[in-house]
J.: 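My questions all concern the structure below.
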Amino acid sequence: MSEADDPERVLRCAALLAAQAMGRVRDRAVEGRLGGDNLARRVAALFESGGGQSAPEVLEEVAALLGAGCVQTTHPAYFGPFHPGILPEAAAAALLVAAFNPQLATRDHAKAAHALESRALDWVARAIGWEEHAGHFTNGGQEANTEVLAAALAQRFPRAREEGLLALERPPVFYLAAEAHHSFDKAAQLLGLGRRAARRVPVGAESTIDVTALQSAIAEDRKAGCEPFFVVATAGTTASGAIDPLGDLADLAARQRMWLHTDAAWGGLALFSPNHRDLLAGIERSDSVTIDAHKTLAVPLGAGMLLTRQRDALEAAFGTQSPYMPGRRTDQPEPYQTSLPWSRRAIGLPLAVALAVRGAGAYTAAADHLMQLGAILRERLLRAGFTLHNHTPLPLVCFDHPRRADRGLSPAQWARRSNARGRVWLAPTRLADGTTTLRATIANHRTQVEDLDLLVEELRLQLDA
Ligand SMILES: *Cc1c(COP(=O)(O)O)cnc(C)c1O
């Protein structure tokens with residue numbers, strides 16, 4: 001393929017479009033209005049000339065489509081689930097990753113990329129409280145949670161590595177709160193455990209796992225001939241921001257000889273501020289932790305992280321030898337031998353670059369800012385007559401208004417009508433007690449108090465309409 005355009009011209013154009021996308025995000029409707037036939041026509045038009053357009057022309061139209069035909073997750077008045085403001089240097093690093101395209105499947109093939117990623121991973125591990133760790137960047141929390149479950153399974157049931165789960169006399173089961181993320185359903189099915197092996201434990205009044213019920217469930221399963229091996233603590237549930245009692249779960253996991261995994265996909269945010277680290281006290285006692293950089297650390301999708309103290313378990317799950325790859329030559333396995341993906345993108349580079357540019361202190365300030373906005377939003381909502389329906393100190397607020405039902409509005413309609421005006425965006429959620437409320441999460445460091453006021457104003461408008 002010959003170059004259609006001068007590479008420098010193409011990439012300068014992309015950089016300019018990206019800068020404009022960031023700089024002018026407030027000028028765009030949060031929920032892009034372009035859709036239906038108009039969108040279909042414009043997409044079709046891009047391909048009609050069969051290659052007759054310049055790269056800048058195509059890129060400009062693609063940027064326009066992304067700006068008008070998607071929900072603008074980077075908008076400061078976007079209150080949907082967990083999308084941060086993207087740092088320009090993180091976006092720039094993603095472009096460099098695409099241009100150099102280093103292959104991280106093995107260590108020697110991409111020494112520099114590994115060295116940079118390691119700095120970022122080590123920083124996160126220290127925030128957890130670990131000096132020693134294994135782990136890697138993943139494409140997201142689903143991937144990290146799946147890999148961790150595979151690792152715990154391989155460690156506990158070595159026989160199943162060759163012979164499969166059917167060779168086991170006692171079926172393996174694991175535990176998680178009714179509120180825990182449903183990525184574990186997928187993982188349980190994928191790994192051959194079956195979805196029923198994921199034992200959902202009831203939650204208490206604050207939507208956190210009921211440890212007594214958990215203990216009973218484990219005892220019953222043991223009596224029934226099952227083998228409990230793994231328990232999930234969620235630090236910041238997706239629906240309501242609930243933080244399971246990490247210390248109690250660590251005690252229980254130790255007593256019961258079970259692997260404790262903490263899913264801190266977005267609640268991990270609190271780790272980066274000494275002022276809020278206490279919220280996750282005990283997380284350091286987990287065997288493994290999931291944190292999504294793409295939710296908490298101002299880098300683009302998809303950048304998750306899996307960190308574990310069980311160095312050998314990842315290799316037990318994913319280790320393999322092949323004639324066309326370097327084997328295990330050092331005291332460390334190669335990256336392709338400790339994770340599900342084979343080829344690996346330099347997923348962690350945007351975070352490494354952001355850390356080098358701003359230092360860890362910037363993340364502390366951002367975490368404090370988000371936590372404070374959460375508190376302010378709760379206060380603003382109460383003052384405006386709304387009712388709060390969750391208990392977390394994290395910046396996630398589930399709320400309703402006494403007038404909402406009188407107006408015959410469902411929470412989903414309320415959100416849809418508010419979103420349709422384009423100034424804010426949020427979504428409903430279903431809570432553990434079965435009620436549906438609206439949910440606002442604050443994950444963007446560029447969000448300001450005025451954005452919170454705008455949210456309250458837009459929601460009230462629908463009540464008064
Ligand atoms: C978002 C989320 C996940 C899934 O992560 P992805 O990055 O979307 O794959 C898992 N667990 C929790 C608690 C989450 O909030």
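All heavy atoms count here, side chains included; hydrogens, waters and symmetry mates do not. For ligands, and for the atoms within them, numbers begin at 1 and follow the listed sequence. Each residue takes its place number in the sequence, starting with 1. Because the structure is predicted, anything quoted here is derived from the model rather than measured.
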J.: Is it the side chain, the backbone, both or neither of His181 that has a heavy atom closer than 4.0 Å to ligand 1?
T.: side chain
J.: Under 3.5 Å, N or O to N or O, is Lys295 touching ligand 1 that way?
T.: yes
J.: Using heavy-atom distances only, which candidate in Leu396, Asp292, Thr146 approaches atom 5 (O) of ligand 1 most closely?
T.: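 It is Asp292 that holds the nearest heavy atom.
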J.: Determine whether Thr138 and Ser339 make a side-chain contact, defined as any pair of heavy atoms from C-beta on separated by less than 4.5 Å.
T.: no
J.: Check whether any side-chain N or O of Gln72 sits under 3.5 Å from a backbone N or O of Cys70 as a donor-acceptor pair, and report yes or no.
T.: yes
J.: Is there a polar contact between ligand 1 and Glu143, counting only N or O atoms under 3.5 Å apart?
T.: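 In fact, backbone or side chain, Glu143 has no N or O that close.
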J.: Please identify which of these residues, His261, His181, Lys186, meets the side chain to side chain donor-acceptor pair (under 3.5 Å) condition with Asn145.
T.: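 Only one of His261, His181, Lys186 forms a side chain to side chain donor-acceptor pair (under 3.5 Å) with Asn145, namely His261.
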J.: Check whether any N or O atom of Asp263, backbone or side chain, sits under 3.5 Å from an N or O atom of ligand 1, and answer yes or no.
T.: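 The answer is yes, given that Asp263 and ligand 1 share an N or O pair closer than 3.5 Å.
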J.: For ligand 1, which atoms sit closer than 4.0 Å to a heavy atom of Trp266?
T.: 15 (O)
J.: Do Asn444 side-chain atoms and Thr74 backbone N/O form a donor-acceptor pair below 3.5 Å?
T.: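 Yes; at least one donor-acceptor contact below 3.5 Å.
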J.: Output yes when a side-chain donor or acceptor of Ser418 lies under 3.5 Å from a complementary backbone atom of Leu459, and no otherwise.
T.: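 Here the side-chain-to-backbone pair does not exist.
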J.: Any Lys/Arg nitrogen of Arg344 or Glu334 sitting under 4.0 Å from an Asp/Glu carboxylate oxygen of the other?
T.: no
J.: Which atoms from ligand 1 have a heavy atom of His294 less than 4.0 Å away?
T.: 7 (O)
J.: Considering non-hydrogen atoms of the protein only, which is the closest contact for atom 6 (P) of ligand 1, and what is the distance?
T.: Gly141 N, 3.2 Å
J.: Taking distance alone, with no angle check, do Asn139 and ligand 1 share an N/O pair under 3.5 Å?
T.: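 No, there is no polar N/O contact under 3.5 Å.
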J.: How far is atom 9 (O) of ligand 1 from its nearest protein heavy atom, and which residue and atom name does that atom have?
T.: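 Checking every protein heavy atom, the shortest distance to atom 9 (O) of ligand 1 gives Gln142 N, 2.8 Å.
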J.: Are side-chain heavy atoms of Thr237 and Ser207 found at a separation under 4.5 Å?
T.: no
J.: Ligand 1 and Thr234, any nitrogen or oxygen pair closer than 3.5 angstrom?
T.: no
J.: For Thr290, which part has a heavy atom under 4.0 Å from ligand 1: side chain, backbone, both, or neither?
T.: neither
J.: Taking the side chain from Arg285 and the backbone from Leu260, do they hold a donor-acceptor pair closer than 3.5 Å?
T.: no
